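Heads up, the thing below is written out as structure tokens.
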Protein chains: 2
Amino acid sequence: MGLLERREKEKDSRRMLILKSARTLFFAKGFKNVTVDKIARFSELGKGSIYLYFNSKEEIYAQILLHDIDKFHRQARSLLNKKKTATELLFEFAYLYVDFFLNDPELFRILMAFMLHTDQMNLSEEQYKKVIADMRRSIDIINNIFQSGIDSHEFPSGIDIKYKQFALWGMLNGIIALHIFSGSESKRKEKIRSTVKSTLQVYINGLKQG
Amino acid sequence: MGLLERREKEKDSRRMLILKSARTLFFAKGFKNVTVDKIARFSELGKGSIYLYFNSKEEIYAQILLHDIDKFHRQARSLLNKKKTATELLFEFAYLYVDFFLNDPELFRILMAFMLHTDQMNLSEEQYKKVIADMRRSIDIINNIFQSGIDSHEFPSGIDIKYKQFALWGMLNGIIALHIFSGSESKRKEKIRSTVKSTLQVYINGLKQG
DNA sequence: TCGATATGTGACTAGTGGTCAGACGTTTTG
DNA sequence: CAAAACGTCTGACCACTAGTCACATATCGA
């Protein structure tokens, strides 16, 4: 059935077109200041058509997050191939993460909106679970790094990896939020790197102590 | 002029009444699901009256945050009077902070909404600065604790307090967000305490190492 | 060619934040 | 005491927007 297949592909490319338009608009003006009608016009579609591909404005927002988490995950995975110490890998992961999610603050806003407002965002249970699963998958990379550090006796074997990975992830999110809050746009990237470096260094020193 | 004074007081008590109503509703249903009209009805006022005391729905939201930050600050200040080591004080501050802002997740949502959406929240410059200043004031308590730790040689003198206090605050926020995201309502409080304990312990160990 | 199916549309509905002309009550003034 | 001035309150009203749906158009199989 080549036809159905082509249809699927076309449908998918429409979806991607809408997502791309929405992304541009959201990142330029923020969620509240973008109307579904604007997304439609920008995609050269009627408003009704948007709702053929998505069930709500919020769903579009969430889908952007899903798409980007996937992109991040691929980049983060590739870190593991590098021949580096676990400490170095943790730093690289941390830098990658903060750069990725701070690169455009709106992306981080979506992540936070999702984390904090899950119950109020009209998403299907399915979609909700998918975001969680995808996010977990990326956080698990921290887990892998920790484990390799233990295997190589870089970290003491007693540490409770499961907790530590989430704590570290939380730390990174907190630092990003902090810099969006207080940092001026221009110097943000350098400043956050130095905060991450200093914080992570202290944390890892503490970890190594056991 | 006893009359003007009484008027001022009455006006202020109306403001507080509205804030209290709004708080109840926001905390029960979340920002998006509460209408200004509902706040008005709950306060036994007409909708127009709300706008005599506040300029926008968002301003009400922000004022709740301001009110609670103040409450937190008073509690946190009183910690400093205790005769404890800096390490102990850091733990107490951290517990107080996460308990306070997680006690009702909506409060943390307001904080985050404010941190992340400042540009999109129609607040006056004045109000915005007030929130920053008030928040800073509370974070400075961490600074005081660090300083006392250095003075008592509990921490090495070389550490860069300014950075560390913000990093620590960011960490706490990240951990709260993490638990709102993934924790089930019931066990949240115990779980977050143990995460905070473990994370902070590691961090402080690292700090002490210099 | 014709019917069926998939895709697209924008006028319309329902609901919301915010405004404002006028009502009402209280104080001041002549 | 009358009435003007002031402060407070109000809900009908406006502007805007997420989401719907009856209808239009395009594509395809028979």
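Everything numeric in this text was worked out from a predicted model, so none of it was measured. Convention: sequence-line order gives letters A, B, ...; per-chain numbering from 1.
Aromatic ring pairs are classed by plane angle as parallel below 30°, tilted from 30° to 60° and perpendicular above 60°; the pair A:Tyr97 and A:Phe93 is parallel. Relative orientation of the B:Phe146 and B:Phe155 rings is perpendicular, given thresholds of 30° and 60° on the angle between their planes.
When ring centroids are compared, B:Tyr203 and A:Tyr203 stay outside the 6.0 Å threshold. Residues A:Phe100 and A:Phe108 keep their aromatic ring centres 6.0 Å or farther apart.
Judged purely by atom type and a 3.5 angstrom limit, A:Lys84 has no side-chain atom pairing as donor or acceptor with the backbone of A:Leu79. With hydrogens and angles disregarded, a donor-acceptor distance shorter than 3.5 Å links the side chain of A:Glu88 to the backbone of A:Thr85. Between the side chain of B:Arg109 and the main chain of A:Leu116, a donor-acceptor pair closer than 3.5 Å is present.
Overall bending of the helix from C:dT1-D:dA30 to C:dG30-D:dC1, expressed as the angle between end axes built from five pairs apiece, is 30° (10° steps).
Residue B:His117 places its NE2 atom among more than 12 non-hydrogen atoms of other residues, nucleotides or ligands, all under 6.0 Å distant. Counted within 6.0 Å of NZ on B:Lys32, heavy atoms from surrounding residues, nucleotides or ligands total more than 12; the atom is thus considered enclosed.
When the C1' atom of C:dG25 is taken as reference, atom CD of B:Glu10 falls 13 Å away, rounded to whole Å. A straight line from CD of B:Glu44 to C1' of D:dT8 spans 17 Å, rounded to a whole angstrom. Between the P atom of D:dC9 and the NZ atom of B:Lys11 lies a distance of 9 Å, rounded to the nearest Å. Going from atom NZ of B:Lys57 over to atom C1' of C:dG18 covers 12 Å, rounded to whole Å. Whole-Å rounding puts the B:Arg14 CZ to D:dG7 P distance at 17 Å. Rounded to a whole Å, the CG atom of A:Leu45 is 15 Å from the C1' atom of D:dT25. Distance CD (A:Glu59) to P (D:dA18): 15 Å, rounded to an integer number of Å. Taking atom CG of B:Asp37 as the reference point, atom C1' of D:dT10 lies 11 Å away to the nearest angstrom.
Residues of residues 23-34 of chain A having a heavy atom closer than 4.0 Å to DNA chain C: none are found.
Each of B:Leu52 and A:Thr35 has a nearest nucleotide on DNA chain D; the 5'-most of these lies closest to B:Leu52.
Contacts of B:Arg41 with the nucleic acid, taken as non-hydrogen atoms under 4.0 Å apart, are absent. Among the heavy atoms of the strands, none lies under 4.0 Å from A:Phe54. Among the atoms of the strands shown, none is found under 4.0 Å from any heavy atom of A:Ile50.
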Taking only nitrogen or oxygen atoms into account, show me every contact under 3.5 Å that the protein makes with nucleotides 19-22 of chain C, one pair per line with its distance.
none

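Counting only residues at least two apart or in different chains, salt bridge (charged side-chain N to carboxylate O under 4.0 Å, His left out) contacts with residues 135-146 of chain A comprise A:Asp70-A:Arg137.
With sequence neighbours left out, the side-chain hydrogen bond (donor to acceptor under 3.5 Å, both in side chains) criterion links B:Ser56 to no other residue. Residues passing the side chain to side chain contact (heavy atoms under 4.5 Å, CB included) test with A:Leu80 are A:Ile141, A:Asn144, A:Ile145, sequence neighbours excluded.
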